[in-house]
Every structure is written in C-alpha cells, then in structure tokens.
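A short write-up of the structure that comes next.
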Amino acid sequence: AGGPRRAVRLADPRLRLPVVAAYVSMFTINAAQICVGFLMIDRLDLSPEDGARMAGYALGGIGICLIAVQMGVAAAKQVAPLTWIRGGVAIAVAAALGVALAGTAPLLIGAFCLLAVGLGTVVPSFQALAANSVGPDEQGSAAGTVAAAQGLAMVTGPLIATGLYGLAPAAPFLLAAVG
C-alpha cells in the first residue's frame, strides 16, 4: 500500500522548470484561443463572419497539431523530456514571433499551427519532467502542483492576453515569445 504521501509546494525548486513550462505553455495556448479571431479580423481587415471562419481554420489546425505531436512525443520514449522542452520552446518562440508578424491568412494559420507543434512537445514533457524530478511518494503532489500552474494560466492568461491585445494585437504573442 505504500507509506504516507509527501506534499510538494508550488515553489519547490525541483519543479521550477515544469511549473514555469506549464504556466507559459498554457498561457500561450489560451492567448492563441482568445485572440485568434480578433487577430484575423483586425490584421486582415475581415468581416466578423470571415474572421470567425478563418479563426475556425486556425483553431482546427491548432487542435490537430497539438494532438498529433503529443501522441508522437508520448511514443518517442527514448527522447528525454528536457530535450523535448528545449526543442518545443525554440519552435514555439519562432512561431509566436511568426504570429506577431504574419500579414496573411495562410501565414497566420501556419504560424498558429507551428505554435501548436512547439507546445505539443512541451506539454507532455513538463508532466514527465515533474514526475521524474521527485520521489515516488511525491509524484501525485507534483502532478497536482503542475496542474495548479496550468489552472493559474487558464485564469490569468485570458485576462492578460486581452489586456495586451488592447494595447497592440501582437503583444500577447510577443510576451509568449519572451516568456
């Protein structure tokens, strides 16, 4: 049955990277979901109907890329989580800059999909890294700690992203790129 389970705190240094990766990746996913329609309308000077249609294409592409890449990462067990995180962050930074700068619908949709590819490598990897960073009796608590960081991003991300979008449409994506 095992011994008592030990609690892990949000500020535990062993979980610093997984917690930051969880927060930043979920913030970025939320920023994309919240701002994609507005960005299509504002940047491409589309009607609300056309903007919604293009946002639907982008969100569909994001979803497909996230699912496909996460399945690939899960299957490639020989690659270390930190390797996936490093590669995924590099891709996501380039893609977030692409979203911030793209001026056509195909480029925006492509940049959003590339962003999902990068983040698709980060999400399962920070979960694995968190589990590997603690002892067996702390894994449940570590998973909860990482989930709390994701939850915090789901609350603060839309507020921050829409506030930044009001200042400049590229701002949420520039923040994600430097985050």
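Keep in mind the model is a prediction, meaning the values are calculated, not measured.
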Same cluster for Leu129 and Val146 if Ile/Leu/Val/Met/Phe/Trp/Tyr side chains link at under 4.5 Å? yes
Spell out, yes or no, whether Leu152 and Val19 are grouped together once hydrophobic residues are joined by side-chain heavy atoms under 4.5 Å, including indirect joins. no
Taking every heavy atom of Ser125 against every heavy atom of Trp84, the minimum-distance pair comes out as OG-CB, 2.9 Å
Hey, what do you get for OG (Ser133) to CD (Gln139), rounding to the nearest 0.5 Å? 9.5 Å
Just wondering, do Tyr23 and Thr156 contact through their side chains at under 4.5 Å, heavy atoms? yes
Looking at CZ of Arg86 and CD1 of Ile91, how far apart are the two atoms once the value is rounded to the nearest 0.5 Å? 14.5 Å
Mind checking the CG-CG spacing from Leu44 to Leu108? Nearest 0.5 Å is all I need. 5.5 Å
Do the side chains of Leu164 and Leu175 get nearer than 4.5 Å, heavy atoms only? yes
Between Ser25 and Leu119, is there a donor-acceptor pair closer than 3.5 Å when you use the side chain of the first and the backbone of the second? no
Check for a donor-acceptor pair, side chain of Tyr165 on one end and backbone N or O of Phe38 on the other, with a separation under 3.5 Å. yes
Indicate if Ile160 and Met26 have the same hydrophobic cluster label, given that clusters are the connected sets of ILVMFWY residues with side-chain heavy-atom separations under 4.5 angstrom. no
Determine, stepwise, if the pair Val122 / Val24 fulfils side-chain contact (heavy atoms from CB on, under 4.5 Å). CA-CA 10 Å; Val122 173; Val24 171; over 6 Å; no
Which pair of heavy atoms, one from Gly51 and one from Met40, lies closest together, and at what distance? O-CB, 4.0 Å
Taking side chain as C-beta onward, heavy atoms only, is Leu174 less than 4.5 Å from Leu97? yes
Which heavy atom of Ala130 sits nearest to which heavy atom of Ala142, and what is that distance? O-CB, 4.1 Å
With a 4.5 Å cut-off on side-chain heavy-atom distances among I, L, V, M, F, W and Y, is there a chain of contacts connecting Val99 to Val89? yes
Under 6.0 Å between ring centres, would you say that holds for Phe173 and Phe112? yes
Closest approach of Ala111 and Gly98, non-hydrogen atoms and distance? CB-C, 3.8 Å
Measure across Val73 and Gly120 and return the closest heavy-atom pair with its distance rounded to 0.1 Å. CG2-O, 4.1 Å
Check Ile109 against Ala58 and note the closest heavy-atom contact, atom names and distance. CG1-CB, 4.0 Å
Distance (rounded to the nearest 0.5 Å) between Leu66 CG and Leu59 CG: 10.5 Å
Working to the nearest 0.5 angstrom, can you tell me the gap between Gln150 CD and Gln127 CD? 6.0 Å
Return the CG to OG1 distance between Leu167 and Thr162, rounded to the nearest 0.5 Å. 10.0 Å
Find out if a path of hydrophobic residues (ILVMFWY) with successive side-chain heavy-atom gaps under 4.5 Å connects Leu82 to Val123. yes
Any side-chain heavy atom of Gln33 within less than 4.5 Å of one from Asn30? yes
Residue pair Val36 / Met54, side-chain heavy-atom distance below 4.5 Å: no
